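Everything numeric here is computed off the predicted structure, so don't read it as measured data. Just so it is clear: chains get the letters A, B, ... in the order the sequence lines come, proteins before strands, and each one is counted from 1.
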Amino acid sequence: MDQPASLAIDCLSHGFGTKPVLHDVQLRILRGQIVALVGPSGCGKSTLLRAIVGTHLPRQGTVTVFSGNSHLTGHVVEGPGRDRGIVYQHYSLFPFLTAVENVAFGLMLDQTNISYRLFKFPRWLKRRAEHLKQAREFLDRVGLGSAASLYPSEMSGGMCQRVAVAQALIMKPALLLLDEPFGALDEAMREELQRMLLGLYQENLAARRKGELEPHTMFIVTHELNEALYVGDRVVGLSQYWDWRQAGHAQPPGATVVYDCSAPIFEPDDTRDFSCFAGQREEIRDVVFNPDSAYPREKHLRYWQELEQQREAEPAP
Amino acid sequence: MDQPASLAIDCLSHGFGTKPVLHDVQLRILRGQIVALVGPSGCGKSTLLRAIVGTHLPRQGTVTVFSGNSHLTGHVVEGPGRDRGIVYQHYSLFPFLTAVENVAFGLMLDQTNISYRLFKFPRWLKRRAEHLKQAREFLDRVGLGSAASLYPSEMSGGMCQRVAVAQALIMKPALLLLDEPFGALDEAMREELQRMLLGLYQENLAARRKGELEPHTMFIVTHELNEALYVGDRVVGLSQYWDWRQAGHAQPPGATVVYDCSAPIFEPDDTRDFSCFAGQREEIRDVVFNPDSAYPREKHLRYWQELEQQREAEPAP
Amino acid sequence: MIGEPIARVWHVTLGIGAVLLLLIAYTILSMRQHRENPDDKTIPSWSQLSEGVKKSVEVNQRSNERWVVADAQATSLRLFWGVFWGVSGSLLIGMLMGCFAFVEAFLYPPLAFLAKIPPIALLAVFFVLAGTGETMYVTMIAFGVLPTLAQTVYLAVKEVPAELRYKAYTLGASHLEIIWNVLLRHVLPKLIDAIRLQIGPAMVYLIAAEMVVGDVGFGYRIRLQFKLLNMSVVYPYIVVLGAFGFGIDYALRKLQAFVSPWYAKGY
Amino acid sequence: MIGEPIARVWHVTLGIGAVLLLLIAYTILSMRQHRENPDDKTIPSWSQLSEGVKKSVEVNQRSNERWVVADAQATSLRLFWGVFWGVSGSLLIGMLMGCFAFVEAFLYPPLAFLAKIPPIALLAVFFVLAGTGETMYVTMIAFGVLPTLAQTVYLAVKEVPAELRYKAYTLGASHLEIIWNVLLRHVLPKLIDAIRLQIGPAMVYLIAAEMVVGDVGFGYRIRLQFKLLNMSVVYPYIVVLGAFGFGIDYALRKLQAFVSPWYAKGY
Amino acid sequence: PPVFSLAWSEYPSWSAFGVCHETGLINGAAGKLGSIEEKWGVDIELKEAEYDPCIAMYGAGQTDAVCITNMDVLNASLSRPGVAILATSTSYGADACIVSSAIADVKDLKGKKVRGLALSVSEYCFARNLQILGEDPAEYTFVNMDPGAAALAMQQKQADFDAIVVWNPFVLDTLNQRKDCHVLFDSSSIPNEIIDMVVMSESALQKPKGKEFASAVADAFYALNKRMADATTRDDTLIALGEKFSNLDLQSMRKVVQQTKFYATPEEATKLFDSAELKDTMTKVVDFCVKMEIVAKKPVVAFGAGATGNLVFDPAYIAAAAAKP
Ligand SMILES: Nc1ncnc2c1ncn2[C@@H]1O[C@H](COP(=O)(O)OP(=O)(O)OP(=O)(O)O)[C@@H](O)[C@H]1O
Ligand SMILES: Nc1ncnc2c1ncn2[C@@H]1O[C@H](COP(=O)(O)OP(=O)(O)OP(=O)(O)O)[C@@H](O)[C@H]1O
Ligand SMILES: [Mg+2]
Ligand SMILES: [Mg+2]
């Protein structure tokens with residue numbers, strides 16, 4: 001079974017002023033993957049994500065998103081749009097809406113417009129009730145059924161982030177982007193939310209087994225290696241530390257993808273034993289985070305070979 | 001060598017409204033110790049600390065602090081005072097003073113008064129220069145010599161906390177209290193500050209070897225067990241979960257000390273291998289944090305016995 | 001220790017005590033003044049004051065109205081419409097400025113300058129340019145409160161984190177929905193806060209205008225009675241004005257809690 | 001997309017454009033008015049305006065003064081002393097209220113009420129109580145700005161985290177040092193912010209009072225020239241007033257940056 | 001019917017229009033008619049304001065007619081030529097210089113501040129009286145202050161307050177409150193020089209029904225004067241006049257009306273308009289205004305029907321009112 005692509009980033013470069021930030025980034029994400037993006041602080045992870053959301057368009061190169069359900073069609077990103085969901089670290093919710101209203105907000109914006117809501121008020125009310133019901137189901141899925149009528153200011157940071165995930169999930173985006181979504185939370189809360197994401201990945205696997213399209217594709221920026229390896233099924237490393245002199249640049253040209261490998265897959269109830277990926281962690285530290293690392297940038301991009309090997313190993317269905 | 005006491009808490013009880021929080025807390029801290037206080041969230045750790053600082057006086061019982069340098073004399077706490085330093089989690093610095101001014105602030109308040117500063121201005125200027133010099137030395141000790149002229153809003157949370165520690169240390173308090181001092185910081189920053197505290201403990205050991213009075217006595221509230229065991233040479237557990245029915249109470253009487261044991265001692269450069277205290281961690285989890293735990297409260301107070309044994313094992317100097 | 005709280009009962013007692021003390025001080029002042037000059041009207045005695053109050057609330061034979069009722073009606077209507085148009089205008093302008101950088105660049109300099117001119121000095125301009133009918137009061141209040149309110153709205157829009165706008169776009173919002181469903185919701189409570197602060201100035205313009213033109217309204221009555229040195233009417237009117245301000249403030253706070261419950265919860 | 005920024009050069013161009021547009025609109029308005037009535041003085045032509053400006057800045061033969069200089073001097077002195085005493089008083093009262101709960105309980109109710117009365121209505125009371133000399137201006141401004149400023153100081157003191165007070169005590173501070181070295185330092189920049197906001201109202205009281213009892217000062221001149229319908233003097237005076245307000249605001253911002261550099265750094 | 005507006009401020013002979021409204025002779029609201037309005041087929045809109053804004057309103061064209069003195073109208077008439085359609089009263093003691101007991105003679109005023117509204121009839125009255133007494137006004141200091149505030153300050157015996165020039169009711173009020181004060185001189189020495197009148201703009205007069213409006217105003221004024229002459233309504237009308245004007249009792253109001261001498265009949269007013277004395281007065285007033293820089297240039301004052309100028313005294317409308325009972 002060939003997984004269709006969900007995102008394609010081609011030759012993307014970006015910078016602020018005269019300072020280059022991203023250099024010739026190439027990345028392809030397949031439907032159903034949970035890709036974790038790691039990199040040194042300030043290397044441009046958020047910038048890359050913003051380019052995908054479409055709020056800060058790249059200087060060069062394109063971002064193509066493939067959406068639609070049965071036949072995925074691609075379109076080049078030119079601004080933020082309905083097909084990509086985003087969960088930020090802060091500002092995760094609209095402060096003037098309760099939890100359930102926050103989750104239902106997207107349904108409202110997407111399915112109705114202002115004139116409908118104003119001039120077909122009775123019909124809108126009915127529709128609204130459906131939306132809220134659906135939103136409540138999603139809240140239940142992230143374990144917040146009882147907090148439906150709380151405002152963001154009345155919830156803890158962890159609750160807010162969970163609501164934000166529900167808010168994004170309900171829209172069934174072709175691609176869900178998360179920018180350090182759990183960065184501001186404490187350890188226990190992080191663990192819980194990480195397990196939640198693993199649960200979504202299990203839904204993907206279940207769908208794949210049934211031969212359906214996977215419902216969730218995610219791209220997660222994180223600065224915690226453990227989190228990346230635990231949650232992601234693939235880890236991508238973005239770094240400004242690579243052998244750019246070799247590549248013919250006189251000045252550092254900016255960060256690019258220097259690491260791309262699959263990561264171990266956990267189930268939500270597995271014990272969180274991080275020792276199993278100690279080796280990979282050290283490798284990433286060395287390749288991505290070490291300022292003195294000077295590997296050619298292709299050297300650790302092993303993901304597609306790994307995928308080949310894995311497919312060969314798997315028996316045909 | 002008999003260590004003199006630095007703090008004695010006797011039969012201390014406290015509550016808010018009709019809700020009891022602390023019940024009959026007994027605790028004695030010796031000069032030169034770094035005692036970590038752990039306990040479930042909301043059990044009253046901060047309340048206990050406030051009682052020691054003197055900002056929230058207990059309903060019953062007394063807090064006695066022993067200060068002075070060669071002959072320690074005790075006095076009952078009736079309000080915040082010069083002999084106890086405090087480092088809070090937030091609000092750690094005076095926002096209107098630069099780092100070095102923050103550190104020198106205590107010297108100014110303690111050694112001079114307003115009329116001196118106003119009416120003996122030239123003399124005060126000289127004195128001020130000395131203070132700032134001393135403060136700069138302390139900033140160097142916490143590794144912030146280069147940040148001396150930054151305002152708190154210009155520093156990261158970790159830098160602020162380090163300045164706050166310097167600000168407290170410069171006063172050479174008989175007892176330094178820290179209320180979740182690193183709670184808001186990220187992992188790397190935490191580690192660094194923990195190592196800094198271990199460095200202070202080494203100063204204590206050096207002083208003891210020379211037969212001098214130990215310069216630093218600390219009482220650290222934390223909610224991280226690893227931190228408590230790593231930084232503290234003794235761990236005290238405060239908990240509302242204990243066998244109070246056995247003790248004749250009809251209602252839960254509040255939290256009390258249910259755990260008191262020594263902890264392994266690390267040097268700043270030791271590798272942070274937490275596996276060595278996995279057993280103790282599990283024990284604390286069970287005794288202090290488990291809502292169903294119903295041990296008599298004396299059961300896990302082993303510190304004084306341990307101290308005895310240790311002394312017996314040690315050869316007389 | 002500094003900052004130590006005291007019991008609630010003390011709070012109430014001392015508050016009442018303060019008011020009582022003020023009243024007693026006034027009484028003494030008035031008595032002293034009357035000992036010097038029994039006909040004094042500048043610091044009226046309590047009996048004079050009650051005369052004044054009676055005069056204000058009883059039906060006046062000549063005009064067949066209760067002064068205070070007629071004045072309150074006229075003043076509050078003027079205030080309402082003035083503030084209404086001022087708020088509408090500032091909402092429009094502030095929103096446009098917050099949303100579109102070129103409108104901002106265009107309107108900010110004149111607004112900033114206008115906001116700095118003491119409106120009382122503009123009275124003259126308004127007489128000359130806007131006539132002296134009811135529309136003058138309304139225009140004056142509207143123009144008086146507009147610069148500050150528009151700036152508030154504009155800043156409030158600017159304060160909305162860009163991330164929230166972006167997110168709304170990813171949820172399928174149109175430009176208009178961003179304005180209506182995101183920005184406006186954000187701005188509303190702050191606008192109400194700003195209106196609360198602007199009620200004071202609005203009253204000042206209105207009272208000042210009523211003092212020089214007009215034949216009904218709080219300002220008119222205070223000016224007239226002051227000219228007649230009937231301080232026994234002026235003082236009660238001032239108290240009524242204070243209560244009026246309090247009432248509006250209270251109503252606006254309630255309104256805010258109603259339209260933006262999230263705001264009160266310490267966002 | 002909503003909220004998209006534009007280039008700096010556009011900002012400047014549009015800002016200048018707005019001012020130019022205003023001037024052009026004025027010119028057209030004035031020309032139309034003068035076509036109807038060549039002697040019109042309500043919307044003076046540019047030549048009339050320059051006449052007016054000349055009149056204001058040249059030495060006046062009758063009084064042997066330059067109007068605008070004499071007026072600016074008088075008004076700014078009155079403003080300065082009024083604000084000075086108002087600030088001093090409010091600092092004292094606000095500090096006491098913030099530090100001592102019983103003072104707070106005692107003074108809060110009267111202050112809250114006073115803050116709600118449109119000060120212009122109190123003009124009458126001030127004439128009666130403070131006479132009509134220079135002291136009246138000062139008292140009026142001082143009392144006018146006091147309630148709001150005192151409330152600001154009080155709230156600013158309350159906002160200081162208790163932890164900082166506690167910590168200062170553990171560092172050996174006396175009660176007085178807490179007030180002087182901790183609370184005051186905290187309050188200062190907020191007080192300056194509040195003063196910036198109160199300059200407007202203070203100007204309003206002052207101008208209003210000068211209109212009634214002054215024989216020099218901006219308010220006096222504007223009223224007199226308004227009565228003579230010399231709008232060619234009134235308009236330039238209003239622009240000067242705006243510039244005056246701007247200048248004071250700018251000076252206060254500089255002062256704030258100087259005495260509380262930490263505040264500007266985004267505390 | 002077409003609407004014409006008349007701006008008035010509280011003053012005995014001008015409050016007459018307010019009383020006309022109260023008694024139903026005219027209805028001051030636009031769109032409503034009183035009996036006199038119906039008679040002339042015009043709609044009179046009354047605009048009440050302080051005196052200063054009345055002047056400005058007229059000068060800015062915000063009102064068609066205004067109650068104003070012969071002195072204050074000069075400046076406004078430069079930009080808006082007007083016709084004096086009605087003389088209502090003259091100050092005959094209503095403007096007075098009140099001094100404390102420290103001052104016995106005019107010469108004592110030298111070096112002291114005399115307070116009153118600058119560039120107004122108060123200052124005119126002051127200067128004219130000094131002239132009559134053979135003094136040079138340049139040697140005296142006249143300081144601006146609102147007459148209400150000045151009277152109040154005087155009554156409170158504020159320091160450095162020895163002399164004020166104010167008009168009624170402040171004159172009577174101050175004298176009532178401070179028995180130790182006395183009048184040094186007043187406007188009775190210059191009768192028919194300070195004239196309270198109604199001026200209508202030239203352009204408004206040319207509008208359809210403009211002349212009827214002018215006549216209606218005069219008619220209403222005389223109708224009210226009849227009520228004052230009638231013994232049965234006299235006191236009530238006086239009280240009504242005083243209502244807004246002052247707190248003075250009936251007795252004092254009688255005195256006020258005496259000091260503010262009404263031109264109660266058309267004959268009296270016509271006589272004034274036709275007199276040579278008026279021309280002389282206006283020359284004095286214009287000269288005063290020029291000297292005080294109240295006017296930028298000399299306004300042309302003309303007399304009689306059909307004359308042209310910045311200010312025309314035209315008795316035609318008084319006559320028209322008298323002719324149509
Ligand atoms: N608006 C901006 N203007 C100028 N430079 C910027 C801007 N935003 C980001 N940068 C710079 O671009 C680089 C990449 O920033 P970015 O936020 O993408 O890094 P990051 O990898 O997300 O870092 P972090 O892990 O700290 O979030 C940084 O060096 C930053 O200083
Ligand atoms: N000012 C107060 N008024 C009423 N109850 C309070 C007050 N302060 C604390 N409490 C209650 O007292 C109990 C103990 O609070 P305390 O802050 O000491 O707990 P803690 O152990 O420090 O918790 P945490 O780990 O969350 O900081 C809690 O149940 C809290 O709800
Ligand atoms: Mg980032
Ligand atoms: Mg705590």
Side-chain angles (χ1 to χ4, degrees), chain B residues 46 49-50 52-56 65 77-99 101-118 149-155 164 167-177 179, chain D residues 88 91-92 94-96 98-101 152-195 252-267:
Chain B
S46 298
L49 224 63
R50 290 196 197 108
I52 303 174
V53 182
T55 56
H56 295 65
V65 176
V77 165
E78 277 168 345
R82 174 62 195 80
D83 48 4
R84 284 143 291 147
I86 173 90
V87 176
Y88 291 105
Q89 176 172 2
H90 300 289
Y91 316 114
S92 54
L93 294 176
F94 298 95
F96 46 83
L97 298 176
T98 59
E101 286 168 348
N102 256 293
V103 178
F105 198 50
L107 298 178
M108 172 180 105
L109 294 176
D110 191 40
Q111 298 177 8
T112 67
N113 56 39
I114 295 181
S115 75
Y116 177 88
R117 298 197 288 274
L118 283 180
S149 59
L150 295 183
Y151 283 99
S153 59
E154 299 172 297
M155 293 189 282
Q167 184 185 46
L169 286 181
I170 204 171
M171 303 301 289
K172 302 191 172 39
L175 179 63
L176 179 54
L177 304 159
D179 193 357
Chain D
S88 309
L91 204 51
L92 184 73
M95 275 295 199
L96 287 176
C99 292
F100 306 107
T152 307
V153 172
Y154 155 74
L155 289 175
V157 172
K158 288 256 140 187
E159 256 174 32
V160 177
E163 282 83 355
L164 286 185
R165 272 187 285 118
Y166 298 156
K167 178 178 271 195
Y169 277 119
T170 69
L171 296 177
S174 65
H175 296 315
L176 208 61
E177 281 175 321
I178 296 276
I179 294 179
W180 182 257
N181 289 91
V182 179
L183 302 182
L184 192 63
R185 294 290 300 266
H186 248 282
V187 162
L188 224 48
K190 291 188 189 167
L191 177 64
I192 295 180
D193 271 344
I195 296 176
L252 283 172
R253 276 213 314 270
K254 285 282 147 196
L255 179 72
Q256 190 188 45
F258 178 71
V259 298
S260 303
W262 58 282
Y263 193 72
K265 306 204 169 173
Y267 155 71

ask   = Out of curiosity, L109(B) CG to K167(D) NZ, how far, rounded to the nearest 0.5 Å?
value = 12.0 Å
query = How many angstroms lie between CD1 in I114(B) and CH2 in W180(D), if you round to the nearest 0.5 Å?
reply = 7.0 Å
remark   = Closest heavy-atom pair, W262(D) versus S153(B), reported as atoms and distance to 0.1 Å, is O-OG, 4.3 Å
Per-residue contact mode, L97(B) against chain D (heavy atom under 4.5 angstrom) = side chain
request  = Scan residues 169-180 of chain D for pairs that pass salt bridge (charged side-chain N to carboxylate O under 4.0 Å, His left out), counting only residues two or more places apart or in two chains.
outcome  = R117(B)-E177(D)
key: From OG1 (T55(B)) to CD (E163(D)), nearest 0.5 Å   = 8.5 Å
query = Step by step, would you call R50(B) with Y166(D) a side-chain contact (heavy atoms from CB on, under 4.5 Å)?
reply = CA-CA 10 Å; R50(B) 290 196 197 108; Y166(D) 298 156; 5.7 Å; no
task = Between chain D and each of G81(B), P173(B), P80(B), count heavy-atom pairs under 4.5 Å; write down the option with the most.
result = G81(B)
request  = Please report the C-alpha distance between Q167(B) and L171(D) in whole Å, then the side-chain angles of each, then the deciding distance to 0.1 Å, and finally whether the side-chain contact (heavy atoms from CB on, under 4.5 Å) criterion is met.
outcome  = CA-CA 9 Å; Q167(B) 184 185 46; L171(D) 296 177; 4.1 Å; yes
request  = Could you pull out all residues at least two apart from H175(D) that satisfy side chain to side chain donor-acceptor pair (under 3.5 Å)?
outcome  = Y169(D)
key: Test item: V182(D) and F105(B) side chains (from C-beta on) under 4.5 Å apart, heavy atoms   = yes
message = Using a 4.5 angstrom heavy-atom cutoff, name the option from G85(B), S92(B), A164(B), A168(B) with the most pairs to chain D.
response = S92(B)
